[in-house]
Amino acid sequence: MQFVIEHLSKGFEKKEVLRDITFSFDSGKIYGLLGRNGAGKTTLFNCLNRDIRADSGDFYFVQDGARRPVLAEDIGYVLSTPTVPEFLTGREFLKFFLDINEGRLQNLKSIDDYFQMMSIAPEDRDKLLKDYSHGMKNKMQMLINIIAQPNLLLLDEPLTSLDVVVAEEMKQLLRTLKQGRVTIFSTHIMDLALDLCDEIVLLNHGELESVDKANLDSREFKDKIIAALREENHD
């Protein structure tokens, strides 16, 4: 399966944020979407999730040689700032999600098995979500998307504000879940992209460019990318 973007553009007033983007992503890989803050990574994700309307272009899946549209249930979107119903407990939230999606979800585990998967302690499972830390809320948001098993998983800088232990747990989990889906991981941290991702894609001047990951290990090539991103900031 491939996820294909064709001629996608988006601007706000006089600023063109995404410029005629055409790119193909293969399933089974984690793509690091690398770009400085303000480069348009979140705008791209919001267009793909249809939270905002692109000015032009299209995106679709290619499966068994045939093109098909991207449906709402195909997409999982993990925001950098987790949004969860804080008036529910962790257990209530998870049960509610499972109940409203009954019949659509496959290979379900018990609620406590899911909590265990995310290393959420038994004493925290019945606490209100408003009392969860940022990292725990992020885990719950990630868990919902894991259960839904989307074909396209968009991760908008989900590890940036997490502590080292939680971030490592999340990275290991993402590596085990990448098969059978396209995962696009947005970040402005080059070393994080190198550590986690199979492929690196640079968002620069509103365009996507594939980067040879082997080259990124050299200081010279890193400096070249940093210079390009710094140049964009002065446009």
Side-chain angles (χ1 to χ4, degrees), residues 30 32-33 37 41-52 70-178 180-189 192-193 195-197:
I30 301 175
L33 179 60
N37 288 331
K41 302 186 298 296
T42 299
T43 297
L44 175 60
F45 279 2
N46 285 337
C47 287
L48 299 180
N49 196 44
R50 298 189 176 93
D51 287 336
I52 60 175
V70 178
L71 306 176
E73 56 265 31
D74 283 315
I75 301 177
Y77 190 1
V78 178
L79 305 171
S80 55
T81 301
T83 303
V84 294
E86 298 194 336
F87 57 90
L88 296 178
T89 66
R91 188 180 301 277
E92 288 170 342
F93 176 45
L94 196 48
K95 185 177 186 305
F96 174 73
F97 179 80
L98 293 171
D99 287 346
I100 64 173
N101 289 284
E102 186 177 8
R104 188 174 69 83
L105 303 175
Q106 299 178 346
N107 304 318
L108 292 176
K109 306 177 185 293
S110 73
I111 288 177
D112 282 302
D113 282 342
Y114 284 123
F115 280 129
Q116 186 66 32
M117 177 193 299
M118 302 304 288
S119 300
I120 295 177
E123 61 268 22
D124 293 324
R125 299 173 187 179
D126 294 293
K127 286 183 179 179
L128 289 173
L129 290 173
K130 74 178 183 66
D131 296 323
Y132 275 28
S133 67
H134 180 97
M136 289 172 64
K137 290 177 183 177
N138 203 304
K139 283 185 175 184
M140 292 300 295
Q141 185 180 228
M142 184 75 78
L143 178 56
I144 294 306
N145 284 279
I146 289 168
I147 296 171
Q149 300 183 46
N151 289 310
L152 174 63
L153 182 56
L154 307 174
L155 305 170
D156 191 1
E157 308 222 26
L159 307 185
T160 304
S161 59
L162 302 184
D163 66 51
V164 174
V165 174
V166 175
E168 283 301 319
E169 290 175 348
M170 299 289 270
K171 284 192 287 185
Q172 289 299 327
L173 184 63
L174 288 171
R175 291 184 184 107
T176 65
L177 295 169
K178 67 181 182 179
R181 66 183 44 83
V182 173
T183 303
I184 307 177
F185 182 95
S186 159
T187 183
H188 62 279
I189 302 174
L192 177 57
D195 180 43
L196 175 63
C197 303

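Ile75 places none of its side-chain heavy atoms less than 4.5 Å from the side chain of Pro150. A heavy-atom distance below 4.5 Å is not found between the side chains of Leu152 and Asp74. Contact check for Ile30 versus Leu155: no side-chain heavy atoms found under the 4.5 Å cut-off. By the 4.5 Å heavy-atom criterion applied to side chains, Leu154 and Val78 are not counted as neighbours. Residues Ile184 and Leu44 have side chains not in contact (no heavy-atom distance under 4.5 Å, counting atoms from C-beta outward). Counting only heavy atoms from C-beta outward, the side chains of Val182 and Leu153 never approach each other to under 4.5 Å. Between Lys130 and Phe87, the closest side-chain pair of non-hydrogen atoms is not below 4.5 Å. Between Glu157 and Leu79, the closest side-chain pair of non-hydrogen atoms is not below 4.5 Å.
Residues Asp195 and Arg175 are paired through a salt bridge, judged by an N-O separation under 4.0 Å between the basic side chain and the carboxylate.
Of the inter-residue distances, the one linking Tyr132 atom OH with Thr89 atom OG1 reads 7.0 Å to the nearest 0.5 angstrom. Considering CE of Met170 and CZ of Phe185, their distance stands at 9.0 Å, rounded to 0.5 Å. Distance CZ/Phe45 to CD1/Ile52: 12.5 Å, rounded to 0.5 Å. Atom CZ of residue Arg91 and atom CG of residue Asp126 lie 4.5 Å apart, to the nearest 0.5 angstrom. Asn101 contributes atom CG, which lies 12.0 Å from atom CD of Gln106 (distance to the nearest 0.5 angstrom). For the atom pair CG of Leu98 and CZ of Phe93, the computed distance is 10.0 Å after rounding to the nearest 0.5 Å.
Remark: the backbone N or O of Leu105 is not paired with any side-chain donor or acceptor of Gln149 at under 3.5 angstrom. Distance alone, capped at 3.5 Å, places no donor-acceptor pair between the Gln141 side chain and the Asn138 backbone. Remark: the backbone N or O of Leu177 is paired with a side-chain donor or acceptor of Arg181 at under 3.5 angstrom. When atom types are taken as modelled, the side chain of Asn145 and the backbone of Tyr77 share a donor-acceptor pair closer than 3.5 angstrom.
The salt bridge (charged side-chain N to carboxylate O under 4.0 Å, His left out) pairs that include a residue from residues 96-105 are Lys95-Asp99, where partners are two or more places apart or lie in different chains. Screening residues 135-153 for salt bridge (charged side-chain N to carboxylate O under 4.0 Å, His left out), with sequence neighbours left out, gives Glu86-Lys137, Lys139-Glu169.
When all heavy atoms of His134 and Pro82 are compared, the pair lying nearest together is CE1-CD, 3.3 Å. The heavy-atom pair separating Lys171 from Glu168 by the smallest distance is NZ-OE2, 2.7 Å.
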Residues 113-120, side-chain donor-acceptor partners within the protein, below 3.5 Å, at least two apart:
from: Asp113; atom 1: OD2; to: Ser110; atom 2: OG; distance (Å): 3.1
from: Tyr114; atom 1: OH; to: Lys109; atom 2: N; distance (Å): 3.1
from: Gln116; atom 1: OE1; to: Arg125; atom 2: NH2; distance (Å): 3.3

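Residues Thr42 and Asp156 have side chains that bring a donor and an acceptor to within less than 3.5 angstrom of each other.
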